[in-house]
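Only heavy atoms go into these numbers, but all of them, side chains included; no hydrogens, no water, no symmetry mates.
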Amino acid sequence: MHAKNTFATQSLALLLVGNAVVLVTALQLAAPYLSLGIGAVVTLLIWYGLQRIAGPLLQAPAEAAPAPLPEAETPPQVEAPPRPVVPEQPPEAAALQLLALLQREGRLLDFLQEDIRPFDDAQIGAAVRPVHAGCQAALATHLPLAPIRTEAEGSTVTLQEGFDAHAVRLSGHVSGTPPFTGTLQHRGWRVTEVNLPALMQRQDRVVAPAEVSVG
């Protein structure tokens with residue numbers, strides 16, 4: 001565009017100079033009107049010719065439209081790993097699990113389901129020993145216990161204000177407010193740890209499968 005304007009200005013100046021030369025010549029020849037007309041025609045012809053010849057050469061190329069900016073790439077969506085599906089357990093699953101442990105370790109269910117009336121005390125005592133040992137081992141492994149009160153049973157204890165009523169149960173004639181003084185009848189038990197295996201997945205309530213010896 002700048003080159004085209006420069007060319008137009010230069011060509012116009014050239015034409016003015018040419019007209020001046022023609023006018024001076026006309027005045028010298030004493031034919032001003034004829035020379036002026038010829039000069040005007042010559043001027044127009046030169047102007048037209050210059051525009052036809054140089055005009056296309058000075059056409060500024062059309063500015064290319066700017067290339068569109070690349071769209072910002074959307075980062076891939078990272079899906080969170082699915083949470084493991086934990087099967088819903090029936091409300092009695094924990095109780096069934098404990099029964100299964102006591103049966104497996106101490107044959108407690110076998111002993112409780114046995115009719116012990118025909119046996120004398122000596123026979124019952126002999127049968128209880130392995131049951132006691134197995135169940136005691138099962139509790140020590142999976143549900144270890146500790147006494148709530150450390151005093152000896154039968155001793156006198158005093159319960160001050162703010163004692164844990166959930167851990168100590170009062171009996172007898174209870175009235176008024178603490179402190180209470182009485183005789184320790186039972187020390188109580190508290191589970192110190194819970195080390196149970198995974199809950200039973202089956203819901204058929206089998207706590208001790210039948211045993212078949214083949215061969």
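More than 12 heavy atoms of other residues, nucleotides or ligands shown are found within 6.0 angstrom of CZ on R187.
Scored by the side-chain contact (heavy atoms from CB on, under 4.5 Å) test, V191 finds L143, L145, V194 as partners (sequence neighbours excluded).
Between atom CD of residue Q113 and atom CZ of residue R107 there is a gap of 13.5 Å, rounded to the nearest 0.5 Å. Expressed to the nearest 0.5 Å, how far CD of E153 lies from NE2 of H186 amounts to 5.5 Å. Distance CD/E114 to CD1/I124: 10.0 Å, rounded to 0.5 Å.
Taking 4.5 Å as the limit, some side-chain heavy atom of H142 sits within range of a side-chain heavy atom of P197. No side-chain heavy atom of L109 sits under 4.5 Å from any side-chain heavy atom of L102. Two residues are said to be in side-chain contact when any heavy atoms from C-beta on lie closer than 4.5 Å; L108 and L112 meet this criterion. For the pair T158 and F163, the minimum side-chain heavy-atom distance is 4.5 Å or more. L159 places a side-chain heavy atom less than 4.5 Å from the side chain of V168. Between V128 and F111, some side-chain heavy-atom pair lies under the 4.5 Å cut-off.
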message = Does V207 form a side-chain contact (heavy atoms from CB on, under 4.5 Å) with Q103? I'd like the steps, not just the answer.
response = CA-CA 8 Å; V207 294; Q103 168 63 19; 5.8 Å; no
ask   = Checking side-chain contact (heavy atoms from CB on, under 4.5 Å) for the pair L96/V206: CA distance, chi angles, key distance, verdict?
value = CA-CA 8 Å; L96 298 176; V206 173; over 6 Å; no
task = Go through the steps to decide whether T177 and E161 satisfy the test side-chain contact (heavy atoms from CB on, under 4.5 Å), and finish with yes or no.
result = CA-CA 8 Å; T177 58; E161 184 177 0; over 6 Å; no
key: Test side-chain contact (heavy atoms from CB on, under 4.5 Å) applied to F180 and L170, step by step   = CA-CA 9 Å; F180 297 118; L170 299 179; 3.8 Å; yes
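Between the side chain of E105 and the backbone N or O of A137 there is no donor-acceptor pair closer than 3.5 Å. A donor-acceptor contact shorter than 3.5 Å is absent between the side chain of Q160 and the backbone of P179. Side-chain atoms of T141 do not come within 3.5 Å of backbone N or O of A138 as any donor-acceptor pair.
Nearest heavy atom pair, residue S155 against residue A152, reads OG-O, 2.5 Å.
Between R104 and E211, none of the side-chain N atoms (NZ, or NE/NH1/NH2) sits under 4.0 Å from a carboxylate O, so this pair counts as no salt bridge.
Evaluation of the side-chain hydrogen bond (donor to acceptor under 3.5 Å, both in side chains) test over residues 116-138, restricted to residues two or more places apart or in two chains, returns D115-R117.
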